[in-house]
Q: 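Dropping the structure in here first, questions after.
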Amino acid sequence: MNEPNARGPASAAANSARPSVIQLVFREKGALYAAYIPLFAEGGLFVPTTREYRLGEDIYLLLSLPDDPQRYPVAGKIGWVTPANASGGRTQGVGVRFPTDEKTRLLKVKIEEILGTSISSAKPTQTI
């Protein structure tokens, strides 16, 4: 079985606009907690960005987790947008919904293992 191209999905070449690639590095568990979106059934992450995105738009993440040298490629979709000057002083950015594939399902399990019991904390996050 072929591995996906690290530069993005092969279908991106056929589209006029290639999905953007964002490197997302989490060095601390607290930062991962603040960005993780357990409300998306497949899992997801908040990505702070000033770039404008539309719901459903493709986005490609290269994700690094705390104390893990591996980088995880994720071909996600924009699941929500927090605009500039959002109420409550929320950070501008996008919620990226993980795809429903086996590799990403295992990544979701790994993230939830890292977060452990803090995943159900009432502590505020950057997400919904």
Q: Is any side-chain heavy atom of F46 closer than 4.5 Å to a side-chain heavy atom of Y36?
A: no
Q: Is there side-chain contact between L61 and V47, with heavy atoms separated by less than 4.5 Å?
A: yes
Q: Looking at OG1 of T104 and CD of E42, how far apart are the two atoms once the value is rounded to the nearest 0.5 Å?
A: 9.5 Å
Q: Please name the pair of heavy atoms, one in S20 and one in Y53, separated by the smallest distance, quoted to 0.1 Å.
A: OG-OH, 2.7 Å
Q: Side-chain donor-acceptor contacts of residues 66-73 below 3.5 Å, not counting sequence neighbours, with atom names and distances?
A:
unit_1	atom_1	unit_2	atom_2	d
D68	OD1	Q70	N	3.0
D68	OD2	Y72	OH	2.5
R71	NH1	Q23	OE1	2.9

Q: Examine the side chains of E28 and Y33 and answer whether a donor and an acceptor come within less than 3.5 Å of each other.
A: no
Q: Got Y60 and I22 here, is their nearest side-chain heavy-atom distance under 4.5 Å?
A: no
Q: Please check if the side chain of E57 supplies one atom and the backbone of R54 the other of a donor-acceptor pair under 3.5 Å.
A: yes
Q: Under the side-chain contact (heavy atoms from CB on, under 4.5 Å) rule, collect the residues that match up with Q92, sequence neighbours excluded.
A: T50, A84
Q: Less than 4.5 Å apart, side chain to side chain, heavy atoms only: is that true for L65 and K110?
A: yes
Q: Under the side-chain contact (heavy atoms from CB on, under 4.5 Å) criterion, do L63 and I111 qualify, and how do the steps go?
A: CA-CA 11 Å; L63 177 62; I111 290 170; 4.2 Å; yes
Q: Closest heavy-atom contact between T82 and T91?
A: CG2-O, 3.2 Å
Q: Would you kindly confirm whether L55 and L45 end up in one hydrophobic cluster when ILVMFWY residues are joined by side chain heavy atoms under 4.5 Å apart?
A: yes
Q: Start with the C-alpha gap between I59 and K77, add the side-chain angles, then the distance that decides, and say whether side-chain contact (heavy atoms from CB on, under 4.5 Å) holds.
A: CA-CA 6 Å; I59 186 168; K77 293 208 177 279; 6.0 Å; no
Q: Please report the C-alpha distance between I37 and F98 in whole Å, then the side-chain angles of each, then the deciding distance to 0.1 Å, and finally whether the side-chain contact (heavy atoms from CB on, under 4.5 Å) criterion is met.
A: CA-CA 10 Å; I37 308 168; F98 289 170; over 6 Å; no
Q: Give me the atom names and distance for the closest heavy-atom approach of G76 to P99.
A: CA-CD, 4.3 Å
Q: Would you say F40 and K108 make side-chain contact, with heavy atoms under 4.5 Å?
A: no
